[in-house]
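Notes to accompany the following structure.
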Amino acid sequence: MQKHRRLPWTAVAGVTALAFLTGSASAAVGHVLLALVMVLVAAKVGGDIAMRVKQPPVLGELIAGVIVGNLGLVGIHAFEWIAQDEMMTVLAEIGVILLLFEVGLESTLGQMARVGTSAFVVATLGVVAPMLLGLGVSTWLLPDESFYVHLFLGAILCATSVGITARVLQDIGASKTPEARVILGAAVIDDVLGLVILAAVAGVISAADAGQSAGVGPILLIVGKTLGFLVAAGLLGVFVVPRVLDRASRLRGTGVMLGLTLAFCFAMSFAALEVGLAPIVGAFAAGLVLEHTHYQAFVDHGERQIEELVRPIVQFLAPVFFVLMGFKVDLSAFARTEVLVLAGALTLAGVLGKLACALGVLDKSIRRFPVAIGMIPRGEVGLIFADVGSKLVYQGRPVIDAGIFSAVVIVVIVTTLLTPPVLTAAMRERAPSPA
């Protein structure tokens with residue numbers, strides 16, 4: 001009889017290790033699949049409820065995350081592991097990168113050049129006034145916190161979520177009015193200014209935590225780096241991207257345009273990260289420089305516009321980000337009077353700061369109040385800023401801790417709830433007769 005050959009111990013060890021790793025990988029994938037089931041169901045149910053009460057879906061997704069993430073307060077701890085899952089965190093980060101890419105796609109460099117003086121002044125006031133008010137409120141109510149906490153809270157209040165305003169204007173048939181043009185134009189500039197400020201503030205805090213100087217020179221260096229990155233992105237969009245996409249249109253197979261534009265988005269995000277900026281800056285820049293003419297050859301071959309192709313992916317991954325942001329809110333923090341007072345004061349500062357935008361409307365035929373109201377909602381942009389702050393560390397502590405983060409979420413919710421009814425009423429008022 002033929003003897004059975006014994007496998008060498010190395011082969012046995014290899015098979016055992018492979019089985020162990022495969023089992024570990026399967027367990028990790030299983031955790032992510034289960035987490036996605038829970039998060040997506042919560043997001044879509046929350047979004048549906050929000051839309052039924054005439055609110056943007058992002059608000060429902062955020063509140064759904066707040067509710068599920070705080071079930072431990074009533075003894076239900078089955079979902080707490082989701083917020084700690086590293087792979088879910090990665091998916092959420094990719095979701096917010098794609099969301100900023102989509103925001104960039106909805107704007108163009110040409111639009112920025114055409115918006116006019118009023119839009120530029122409105123955007124500038126809409127960044128400066130809330131930041132100063134936020135800085136003042138934080139200094140007053142959080143005297144024991146570092147200057148960098150105050151600075152970052154001011155930066156968070158700079159944010160504007162134009163998507164919410166644009167939806168309201170579209171619903172009431174006012175998206176072509178002069179007021180709408182100023183709001184949407186100012187929002188594009190506001191996005192750029194806000195990202196520059198975010199990059200500068202985050203860079204200063206990181207430098208200070210590393211023991212480096214945080215004087216005027218380093219601040220100007222970071223601002224210059226951010227502006228330089230955006231200029232470089234613009235040059236790529238003018239001289240390189242059109243040629244690459246034109247040649248790529250000859251490639252066979254499906255999904256070429258989507259694959260290449262996503263690769264461009266991720267490459268720009270990685271480049272931003274490598275030069276010390278937030279990856280969302282690169283994603284926004286990638287979307288901003290992509291023009292319809294760049295991929296017209298693909299469209300001529302029957303492809304849909306890139307916005308249409310990206311939207312389903314964003315609708316899948318962005319809710320993961322918003323629900324996980326809701327998970328970070330600690331409802332028990334609101335039992336502390338100081339958190340409630342901070343939330344109220346920051347909300348008031350956020351509203352008043354954006355109302356200052358009215359002073360930037362230079363054309364007397366354009367109503368100032370609707371423009372100012374249209375700049376108020378913080379929405380997803382405010383959450384993105386807060387998320388960046390929660391990951392920054394200064395002297396061993398997060399810049400935005402759980403209590404402050406919870407207060408910021410209240411600002412986001414209140415400003416998002418306030419805008420639709422007030423803007424609708426303001427836009428439907430008859431414009432004053434010219435003198």
Side-chain angles (χ1 to χ4, degrees), residues 53-56 58-59 103 106-107 111-112 114-134 136-137 154 156-194 343-382 410-435:
V53 294
K54 309 296 183 184
Q55 294 298 325
V58 61
L59 191 59
V103 171
E106 293 171 354
S107 310
Q111 283 178 328
M112 292 184 65
R114 294 192 298 267
V115 292
T117 306
S118 284
F120 181 79
V121 178
V122 165
T124 304
L125 287 173
V127 166
V128 174
M131 184 164 188
L132 292 177
L133 287 173
V137 165
I156 288 174
L157 293 191
C158 294
T160 294
S161 175
V162 69
I164 292 165
T165 297
R167 176 63 184 270
V168 173
L169 293 171
Q170 185 180 37
D171 287 347
I172 63 177
S175 58
K176 303 295 183 183
T177 61
E179 290 82 6
R181 285 197 296 271
V182 171
I183 292 170
L184 299 177
V188 175
I189 300 173
D190 189 290
D191 284 337
V192 175
L193 293 177
L346 286 176
T347 300
L348 183 61
V351 172
L352 292 178
K354 292 298 184 181
L355 288 178
C357 293
L359 301 175
V361 181
L362 306 178
D363 189 337
K364 293 183 178 179
S365 66
I366 297 176
R367 291 171 292 167
R368 292 180 169 183
F369 185 61
V371 171
I373 294 297
M375 300 295 288
I376 285 177
R378 283 358 187 243
E380 69 280 1
V381 184
I410 292 299
V411 176
V412 170
I413 291 174
V414 173
T415 56
T416 303
L417 286 170
L418 175 69
T419 300
V422 178
L423 181 60
T424 299
M427 290 298 295
R428 284 177 175 167
E429 288 181 2
R430 193 190 319 186
S433 301

Which residues pass the side chain to side chain contact (heavy atoms under 4.5 Å, CB included) test with Leu346, sequence neighbours left out?
Val137, Leu153, Leu157, Leu342, Val411
Taking all atoms of both residues into account, what is the closest heavy-atom pair of Glu179 and Ile366, and its distance?
CG-CG2, 3.8 Å
Under a 4.5 Å cut-off applied to non-hydrogen side-chain atoms, are Val361 and Phe369 in contact?
no
Partner residues of Pro421 under the side chain to side chain contact (heavy atoms under 4.5 Å, CB included) criterion, sequence neighbours left out
none
Write out all pairs satisfying side chain to side chain donor-acceptor pair (under 3.5 Å) with one or both partners inside residues 343-354, taking only residues at least two apart or from two chains.
Thr160-Lys354, Asp190-Lys354
To the nearest 0.5 Å, what is the distance between CE (Met131) and CG (Leu193)?
11.5 Å
Does the Arg367 side chain pair with the main chain of Ser365, one donor and one acceptor, at a distance under 3.5 Å?
no
For a 4.5 angstrom cut-off between non-hydrogen side-chain atoms, does Leu418 reach Thr415?
no
Is there a side-chain contact between Val422 and Ile376 (heavy atoms, below 4.5 Å)?
no
Taking the side chain from Arg378 and the backbone from Gly350, do they hold a donor-acceptor pair closer than 3.5 Å?
yes
Heavy-atom pair with the smallest gap, counting every atom of Cys357 and Gly126
SG-CA, 3.3 Å
Between Val412 and Val381, is any pair of side-chain heavy atoms under 4.5 Å apart?
no
Would Leu355 and Ile373 satisfy side-chain contact (heavy atoms from CB on, under 4.5 Å), going step by step from the backbone distance to the final call?
CA-CA 7 Å; Leu355 288 178; Ile373 294 297; 3.9 Å; yes
Could you state the interatomic distance from CG (Leu362) to OG (Ser118), rounded to the nearest 0.5 Å?
4.0 Å
Hey, could you give me the CZ/CG distance between Arg368 and Asp363, rounded to the nearest 0.5 Å?
10.0 Å
How long is the gap from CG on Leu423 to CE on Met375, to the nearest 0.5 Å?
12.0 Å
